[in-house]
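Every chain is numbered from 1, with letters handed out A, B, ... down the list of sequences. What you see below is based on every heavy atom in this structure, not just the backbone, and it leaves out hydrogens, waters and symmetry mates.
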There are 2 protein chains.
Amino acid sequence: MKTPVELTELFRERGLKVTPQRQCIFRLLHGNAAHPTAEAVYAAARAEMPTISLKTVYQTLNDLAEMGELHVLDLGTGSGRFDPNVDAHHHLVCDRCGKVRDLHVDFPDVRVPRGKAQGFRILDTEVVFRGICDECQTEDETDKEKAHA
Amino acid sequence: MKTPVELTELFRERGLKVTPQRQCIFRLLHGNAAHPTAEAVYAAARAEMPTISLKTVYQTLNDLAEMGELHVLDLGTGSGRFDPNVDAHHHLVCDRCGKVRDLHVDFPDVRVPRGKAQGFRILDTEVVFRGICDECQTEDETDKEKAHA
DNA sequence: TGGTAATCGACAACGATTGTTGATTCCTCG
DNA sequence: CGAGGAATCAACAATCGTTGTCGATTACCA
Ligand SMILES: [Mn+2]
Ligand SMILES: [Mn+2]
Ligand SMILES: [Zn+2]
Ligand SMILES: [Zn+2]
């Protein structure tokens with residue numbers, strides 16, 4: 001995603017107004033690697049602007065996604081995750097708590113072999129590693145200790 | 001997924017009754033590579049049993065998933081896709097129509113490099129190739145021709 | 001400064017999935 | 001075979017995430 005200043009330009013060029021609500025969301029997302037849900041962005045925005053509406057948050061997130069400044073990930077965690085990092089990368093997903101972490105590794109061998117594409121024109125390749133995050137593993141161990149006691 | 005006959009055994013062992021509705025779903029799923037939604041299974045089942053309820057379909061699909069006989073894929077196509085093929089494989093997904101095809105290729109290089117796992121214990125690796133399927137490409141071309149005319 | 005886009009609140013609606021009820025069917029085990 | 005209990009049905013309501021609608025108000029920006 002571009003910087004808040006660049007996004008301000010971009011929105012104006014497109015005839016979209018640059019409101020404080022939108023600028024707030026620009027700032028919250030810039031460099032954000034937490035892959036927040038819309039609700040999470042909403043919560044963070046309300047800390048600065050108590051009257052911002054969830055509708056406005058969705059509106060701005062969708063605008064950014066349409067411009068290609070944001071990717072929406074559907075990783076089976078119930079709700080969409082917004083990713084301001086639009087460069088090619090992959091993800092680690094916690095099956096327990098839904099946490100999403102970036103994995104910046106290139107897998108040059110991951111291609112559909114000739115003759116196996118079944119007519120598809122491939123536009124994108126995602127690798128998703130699913131498992132249990134550190135925090136959820138610690139929880140599990142704590143539970144075991146309690147069970148012993 | 002096991003064969004309908006084996007699933008009949010398995011259900012009985014678990015104290016679950018083997019009803020005609022469940023057997024119908026066993027048959028519909030066995031060897032099914034279409035990755036159907038619950039609604040699609042429901043539609044196919046109703047062709048044989050007009051009074052089967054959507055509730056019963058979900059119930060049976062969830063039972064099979066809990067037993068590990070079925071995988072539920074969330075590929076961002078709006079609804080869950082049920083996959084009776086529980087062996088390791090990957091998927092081609094059409095961004096336009098949601099079609100899902102199997103890709104039986106092993107990618108041995110696709111592993112999280114040591115030191116990049118960020119505390120995750122990895123349990124599963126999925127590769128998803130997104131693009132446009134053959135049918136949707138043909139549609140596009142037809143549209144172009146119409147535009148020229 | 002004015003025209004118009006954006007926002008707000010308060011609520012309804014959506015699609016996918018799950019829950020509830022009470023009546024009915026029918027599988028399974030002895 | 002017969003009894004007991006699970007499963008199913010229909011007909012709803014409810015959930016969650018997301019989008020739509022409304023009229024009134026705000027405020028961006030050419
Ligand atoms: Mn990311
Ligand atoms: Mn598959
Ligand atoms: Zn976790
Ligand atoms: Zn398609």
Identify whether any heavy atom of E39(B) sits under 4.0 Å from a base atom; if not, whether one sits that close to sugar-phosphate; answer base, sugar-phosphate or nothing. nothing

Nearest whole Å is fine: how far is [N] [atom2] from [X] [atom1]?
{"X": "L61(A)", "N": "dT18(D)", "atom1": "CG", "atom2": "C1'", "value": "12 Å"}
{"X": "Y42(A)", "N": "dT7(C)", "atom1": "OH", "atom2": "P", "value": "14 Å"}
{"X": "Q21(A)", "N": "dG9(C)", "atom1": "CD", "atom2": "C1'", "value": "14 Å"}
{"X": "K17(A)", "N": "dA30(D)", "atom1": "NZ", "atom2": "P", "value": "9 Å"}

Assess whether a salt bridge exists between K99(A) and E135(A), defined as any Lys/Arg side-chain N lying under 4.0 Å from an Asp/Glu carboxylate O. yes

Look at E139(A) together with R96(A) and state whether they make a salt bridge at an N to O cut-off of under 4.0 Å. no

Would you please confirm or rule out a distance under 4.0 Å between OP1 or OP2 of dT7(C) and any side-chain N or O of R22(A)? yes

Hey, what's the ring geometry for H91(A) with H35(A), parallel, tilted or perpendicular (30° and 60° as the breaks)? perpendicular

Fit a plane to each ring of F129(B) and F107(B), take the angle between them on a 0 to 90° scale, and name the class: parallel (under 30°), tilted (30 to 60°) or perpendicular (over 60°). tilted

Per-nucleotide protein contact string for nucleotides 19-26 of chain D, where B marks a base within reach and S marks sugar-phosphate only (heavy atoms under 4.0 Å, - for neither): BBB-----

Which nucleotide, [options], lies nearest any side-chain atom of [X]?
{"X": "I52(A)", "options": "dC9(D), dC8(C), dA27(D)", "result": "dC8(C)"}
{"X": "T19(A)", "options": "dC9(D), dC8(C), dT7(C)", "result": "dT7(C)"}
{"X": "T51(A)", "options": "dC27(C), dC8(C), dA10(D)", "result": "dC8(C)"}

Where the side chain of Q21(A) meets the backbone of I52(A), is there a donor-acceptor pair that is under 3.5 Å apart? no

Report the residue (G15(B) or P50(B)) whose heavy-atom-nearest nucleotide on DNA chain D is the more 5′ of the two. G15(B)

Are V110(B) and V128(B) joined in one hydrophobic group, where the rule is that I, L, V, M, F, W and Y side chains link up if heavy atoms are under 4.5 Å apart? no

